[in-house]
Asker: 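A single structure is presented below for examination.
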Amino acid sequence: QVQLIESGGGSVQAGGSLRLSCAASRRTFNLLTMAWFRQSPGKERELVAVVATSGRNTHYADAVKGRFSISRDSAKSAVYLQMNSLKPEDTAVYYCAARLSGTSDYNHWGQGTQVTVSS
C-alpha cells in the first residue's frame with residue numbers, strides 16, 4: 001500500500017508562488033511514477049505534471065508550462081510541485097498521485113490540498 005500525503009497548499013495573490021509537497025512511503029517510492037493532478041468545481045480532473053522514477057523525464061500540461069516545475073527527492077521519498085506566476089485559473093484542489101512504473105493506472109492518491117489564487 002502506497003500512502004501519499006500532500007501539504008503546502010494555501011491562498012496567494014496572482015503572480016505569487018507556492019510549493020506543494022507530497023510525502024510517499026519510503027519502501028516503494030523509487031518504483032513509482034509520480035504526478036500532480038488538479039480539479040476545480042464543475043471541471044474535470046486535469047493532469048498537471050508527471051515525473052518518471054529517475055526524475056529525468058517530465059511532462060507538463062500546456063497551461064502550466066514555464067510556470068510549474070515538478071521534482072522528486074529519493075532521499076526523502078517526496079515529490080514537489082513548484083508553482084510560480086500563479087493565476088486565478090490555477091485555483092483548484094491539487095492531488096498527488098502515483099502509479100507503478102510501466103503501468104498506466106494511477107492507483108494511489110493523496111487527500112488533496114487546496115490552492116486558491118486571488119486576483
Side-chain angles (χ1 to χ4, degrees):
Q1 179 67 37
V2 177
Q3 297 184 36
L4 305 174
I5 303 175
E6 302 103 328
S7 62
S11 298
V12 65
Q13 292 186 333
S17 299
L18 285 174
R19 183 174 185 258
L20 304 183
S21 299
C22 175
S25 55
R26 181 183 181 186
R27 184 175 63 182
T28 61
F29 184 72
N30 291 338
L31 301 177
L32 303 173
T33 294
M34 305 296 298
W36 287 96
F37 290 80
R38 67 185 182 185
Q39 186 168 25
S40 58
K43 297 182 179 180
E44 295 184 356
R45 185 180 62 198
E46 173 189 22
L47 176 65
V48 177
V50 181
V51 61
T53 56
S54 67
R56 298 175 183 174
N57 298 319
T58 59
H59 170 78
Y60 298 93
D62 288 342
V64 305
K65 285 182 179 178
R67 299 190 298 118
F68 290 10
S69 179
I70 188 171
S71 61
R72 63 194 295 156
D73 187 335
S74 295
K76 296 182 178 180
S77 297
V79 62
Y80 307 96
L81 185 68
Q82 179 66 46
M83 306 184 293
N84 299 323
S85 301
L86 283 163
K87 305 174 181 179
E89 49 263 47
D90 294 319
T91 295
V93 176
Y94 284 70
Y95 297 92
C96 178
R99 62 174 173 85
L100 188 66
S101 181
T103 68
S104 60
D105 297 330
Y106 285 94
N107 298 122
H108 310 284
W109 296 83
Q111 81 284 0
T113 184
Q114 177 70 46
V115 171
T116 302
V117 184
S118 62
S119 59

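The shown structure was predicted, so the numbers you read here are calculated from the model rather than taken from an experiment.
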Asker: Does one hydrophobic cluster hold both Val51 and Phe29, with members joined at side-chain heavy-atom distances below 4.5 Å?
Answerer: yes
Asker: Establish, for the pair Arg38 and Tyr94, whether the NZ or CZ atom is under 6.0 angstrom from the six-membered ring centre and no further than 45 degrees off its axis.
Answerer: no
Asker: Would you check if Thr91 and Gln114 make a side-chain contact, meaning some heavy-atom pair closer than 4.5 Å?
Answerer: yes
Asker: With heavy-atom distances below 4.5 Å as the criterion, would you say the side chains of Trp36 and Phe68 are in contact?
Answerer: no
Asker: At their closest point, which heavy atom of Asn84 faces which heavy atom of Ser17, and how far apart are they?
Answerer: OD1-OG, 2.9 Å
Asker: Over 60° means perpendicular and under 30° means parallel, so classify the ring planes of Trp109 and Tyr95, tilted if in between.
Answerer: perpendicular
Asker: Measure the CG-OG1 distance between Leu32 and Thr53 for me, rounded to the nearest 0.5 Å.
Answerer: 9.0 Å
Asker: With side chain to side chain donor-acceptor pair (under 3.5 Å) as the rule and sequence neighbours excluded, what pairs involving residues 68-81 come up?
Answerer: Asn30-Ser74
Asker: So, using side-chain contact (heavy atoms from CB on, under 4.5 Å) as the criterion, who are the partners of Arg67 when residues are at least two apart?
Answerer: Val64, Ser85, Lys87, Asp90
Asker: Working to the nearest 0.5 angstrom, can you tell me the gap between Leu86 CG and Thr116 OG1?
Answerer: 10.5 Å
Asker: For the hydrophobic clusters of this structure (ILVMFWY residues joined by side-chain heavy atoms under 4.5 Å, transitively), does one cluster hold both Phe37 and Val48?
Answerer: no
Asker: Please check if atom CD in Gln3 has more than 12 non-hydrogen atoms from other residues, nucleotides or ligands closer than 6.0 Å.
Answerer: no
Asker: Check whether any side-chain heavy atom of Glu6 lies under 4.5 Å from a side-chain heavy atom of Leu20, and answer yes or no.
Answerer: no
Asker: To the nearest 0.5 Å, how far apart are CZ in Arg45 and OG in Ser40?
Answerer: 13.0 Å
Asker: Should we count CD of Gln111 as having more than 12 external heavy atoms under 6.0 Å?
Answerer: yes
Asker: Can you name the closest pair of heavy atoms from Asn57 and Ser54 and give their distance?
Answerer: N-OG, 4.3 Å
Asker: Do you know the tightest heavy-atom contact between Ala92 and Gln39?
Answerer: CB-O, 3.5 Å
Asker: Do Met34 and Cys96 have side-chain heavy atoms sitting under 4.5 Å apart?
Answerer: yes
Asker: Quick one: do His108 and Thr28 satisfy side chain to side chain contact (heavy atoms under 4.5 Å, CB included)? Show the steps, please.
Answerer: CA-CA 12 Å; His108 310 284; Thr28 61; over 6 Å; no
Asker: Compare every heavy atom of Ser119 with every heavy atom of Ala14, then report the nearest pair and how far apart it is.
Answerer: CB-CA, 4.4 Å
Asker: According to salt bridge (Lys or Arg N to Asp or Glu O under 4.0 Å), who are the partners of Lys65, at least two apart in sequence or on a separate chain?
Answerer: Asp62
Asker: Shared ILVMFWY cluster between Val93 and Val79, side chains joined below 4.5 angstrom?
Answerer: no
Asker: Considering only heavy atoms from C-beta outward, does the side chain of Ile70 approach that of Val50 to under 4.5 Å?
Answerer: no
Asker: So, do Ser101 and Thr33 sit near enough that their side-chain heavy atoms are less than 4.5 Å apart?
Answerer: yes
